[in-house]
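Worksheet: one structure, shown below.
All figures in this text were calculated on a predicted structure; none of them were measured in a lab. To find a chain, count down the sequence lines: A is the first, B the second, and so on, and within it residues start at 1. In what follows, every heavy atom counts, from backbone to side chain, and hydrogens, waters and symmetry copies are set aside.
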Amino acid sequence: MMKFTRREFLKSMAVATALVSSGCSSDTGGAKMQGPTSQQDVEKWVKGVCRYCGTGCGVLAGVSKGKIVAVKGDPDCAVNKGKLCVKGILLPKIMDTKDRLLHPLIKKNGQFVQASWEEALDLVAGKFKESISQFGPDSIGFYGSGQNVAEEAYVANKLFKGAIGTNNIDGNPRTCMASAVAGYVSTFGKDEPCGTYADIEEADVFFIIGSNMAEAHPIIYSRVIDRKNKNPHVRVIVVDPRRTRTADIADMLVQFVPGTDLALLNSMAYVIVEEGLTDTEFIGKHTNFMKGEAKISFGEFKAFIADYAPDKVSELTGISPEQIKEMARLFAAKEKNTMSLWCMGLNQRIRGTWVNNLIHNLHLLTGKICKPGNTPFSLTGQPSACGSIREVGALSHLLPAHRVVANAKHREEIAKIWGIEPAKMSSKPGYHTIELFRAAASGALKALWVVCTNPGQSIPNLELYRQGMEKTFLVVSEVYHPTRTSELADVVLPSALWMEKEGIYGNGERRTQHIAKAVEPLGEAKPDVWQLIEVAKRLGYGSLFPYQDNEAIWEEYRKCAAGTKMDLPPYARLKKEHGLTWPVPDPNGPETYIRYAAPYDPFVKEGVQFYGKPDGRAVIFARPHANPQEMPDAEYPFYLSTGRILEHWHTATMTMNVPEIKRAMPEMYVEINASDAVKMGIKDGDYVKVISRRGQCRLKAKLNGRGQPRSGMVWAPFHDTEMSRMINFVTIDAFDDMSKQPEYKICAVRIEKA
Amino acid sequence: MAIASMIIQPHSVCMDRVMEELAAIEHVTVDSTTLKHEIIIVVEAPTLDDVSAVARKIEGITGVAGVFPVYVTTEDEIQFN
């Protein structure tokens with residue numbers, strides 16, 4: 001009998017997993033096959049979703065002796081088909097870390113001391129009661145997260161908006177994709193994408209703008225690479241002021257001047273119209289033209305974009321007229337399918353909503369929408385920013401299932417499901433993110449509960465807002481301590497981590513997925529939803545939260561979604577399936593691939609119907625170019641932009657706990673264009689100060705690295721946890737007046753040798 | 001000993017050269033190629049740090065568009081944490 005060692009067994013298992021992930025069966029795909037596929041070393045594999053970005057990769061967590069000891073990609077999940085990025089595969093390392101918070105903490109005389117749950121929860125409820133009775137319900141607030149499971153966000157929303165009667169509940173998705181929301185809603189009348197990731201396998205042209213997918217969404221990027229490698233005719237256009245890894249596969253790289261995206265996209269629209277690349281039948285049947293609130297004619301729109309002829313915007317954008325024309329022609333090519341992908345590069349701008357509108361314009365003008373491979377698709381940054389915040393309505397102006405607080409009928413519908421009087425609910429939108437922290441700084445906000453996020457590191461113009469957080473009574477529900485937020489808290493509550501609790505995540509393609517509980521929480525950690533309900537009971541609202549389990553919460557929330565064309569599948573089905581893209585109006589029926597179009601959308605009988613708009617027509621907007629809030633000048637001559645890198649995620653509370661990742665990328669840096677660096681006498685690895693009107697930080701200079709900004713621009717990741725390297729002391733807190741999303745992507749700085 | 005499998009996505013025109021460069025990296029065995037133009041490798045290295053270092057080295061190869069670790073384990077998985 002042939003000897004088969006344990007090492008060989010493990011290697012075979014590794015190869016088999018890779019083959020499955022690559023779409024090969026064990027007997028058909030690879031050029032060489034070997035080994036068994038059983039997973040005998042793990043007691044059980046539990047189905048979940050990755051804890052990191054908005055891609056929504058399915059994972060299987062391997063449990064042994066009550067611990068998660070391995071993770072692999074879920075081959076049955078349509079999102080990643082078994083693949084994971086370097087962060088996902090190392091997820092077990094975020095569980096049992098040195099800084100895991102195991103007990104409630106209360107700050108006494110400036111020092112954190114261990115407390116019982118009873119003492120901590122009584123203190124939180126007591127302070128909330130005191131503020132409400134002295135200053136009214138709007139004196140308290142809640143700041144949640146696109147990392148919460150949907151049930152947590154739903155309960156928080158119901159507690160604050162329904163029971164307490166304040167709309168001061170916002171969350172970090174405000175800072176990453178509120179402009180995408182406002183863009184979808186203003187153009188189509190409803191939030192979230194028309195298409196799904198499945199469009200990637202149908203697209204011939206990819207228009208990637210304001211997104212470094214290769215690092216921020218590596219698995220989605222891998223699908224684009226697959227598509228291109230298998231289909232040589234596929235073309236990729238990457239539009240970004242900074243050359244990134246995403247550009248490695250680009251057929252065309254367009255490095256425009258930061259902040260000129262509105263002009264660039266209008267110029268593409270000009271070329272499309274001028275060269276007859278429009279789909280006139282689609283435009284006539286399915287669109288309206290508008291300027292602000294006023295309807296305009298196609299002729300008036302044409303006159304508007306005449307100001308953006310390529311030769312007129314070339315100097316402003318830094319892109320030649322020929323390149324603009326080539327890009328527009330590629331985008332609009334007849335018989336080709338075009339998919340746009342973007343992320344925070346467009347959203348984190350004071351005109352983020354407008355830029356989103358202009359992407360939609362290009363698809364509507366060319367009719368490249370609502371057909372396989374043709375879609376404007378906004379990528380999301382967090383695992384459930386869509387599922388837990390946009391859909392649950394956990395922002396200060398929203399109610400569940402894309403309703404708004406300002407609409408009396410919407411309030412009545414939700415009040416009925418919540419079992420409260422509609423009059424209890426406020427019609428006035430609460431504080432959005434920047435207003436919320438401004439209110440803390442001004443003293444108007446007396447108590448704030450932060451759950452599952454880290455604003456003490458992630459809010460722009462940080463110094464002012466950290467002071468505000470310190471001033472107010474701050475409750476932080478967190479997995480780790482200290483973080484840059486929990487260190488400012490009065491009470492820190494230990495939260496159960498990923499797969500120590502069950503719940504629902506909704507990713508960027510409308511896919512709703514269940515995460516099963518795989519292990520018990522460490523120490524005294526408890527799920528956030530338990531914490532919220534315990535406080536609700538102490539505030540006298542226990543009867544509104546009678547849930548026995550997460551399924552009961554979900555089924556109540558499903559009632560909010562029923563009949564809104566955002567119909568969600570039942571919990572029991574989600575536990576079994578590997579995610580479903582809504583709407584799913586029949587509990588046992590199919591998911592929806594493409595919205596607004598027959599035969600895909602169950603609510604459209606024939607053709608295309610943008611049913612979010614009363615007349616069924618989407619809007620092509622005339623939106624002019626506008627400069628960023630802060631432009632470079634003699635004193636601050638560089639544009640600063642910020643973003644993410646492959647190794648780390650968000651404020652790195654998790655990824656800096658993974659030794660392999662930390663050692664690979666222990667500190668953040670500032671990328672400087674090599675020619676600019678030569679002029680300043682800065683070499684790769686030198687320490688420099690990045691200084692704005694608001695603050696400064698000290699970072700190593702990186703030249704000719706994986707990201708290369710154009711001349712006149714510098715770029716820094718926002719992950720660093722060290723105070724001297726936290727770039728949000730430098731960024732600006734100006735925000736889009738429609739979406740209220742801050743302009744992290746552009747401010748003016750100067751660079752000095754440190 | 002840490003063992004990992006990874007899917008390497010090369011630009012299709014660079015397949016042969018990338019395979020050669022992968023084969024020359026210490027701790028790496030090129031297992032197979034797939035119909036999707038992906039290369040499957042196995043990394044056997046003393047520690048997870050070394051596996052991570054290999055992944056980073058591969059990322060630096062010209063023509064590599066993506067590196068996806070799919071499975072990682074150690075001889076004694078109980079020590080994983």
Report summary line: Okay, B:A55 and chain A: the region with an atom under 4.5 Å from a heavy atom over there is neither
Query raised in the report: Got a salt bridge between A:E201 and A:R223, using NZ or NE/NH1/NH2 to carboxylate O under 4.0 Å?
Result: yes
Query raised in the report: If you measure from the Lys or Arg side-chain nitrogens to the Asp or Glu carboxylate oxygens, is any gap between A:K81 and B:E38 under 4.0 Å?
Result: no
Report summary line: Of the listed B:H37, B:M6, B:R56, B:E59, the one with the largest count of heavy-atom pairs under 4.5 Å with chain A is B:R56
Query raised in the report: So which of B:P69, B:S52, B:P10 has the biggest tally of heavy-atom pairs under 4.5 Å with chain A?
Result: B:P69
Query raised in the report: Would A:R243 and A:D248 pass as an ion pair if we require N to O under 4.0 Å?
Result: yes
Query - Atom group of A:I661 that falls short of 4.5 Å from chain B, counting heavy atoms - result: neither
Query raised in the report: Just checking, is any N or O donor in the side chain of A:N657 or A:D99 under 3.5 Å from an acceptor N or O on the other one?
Result: yes
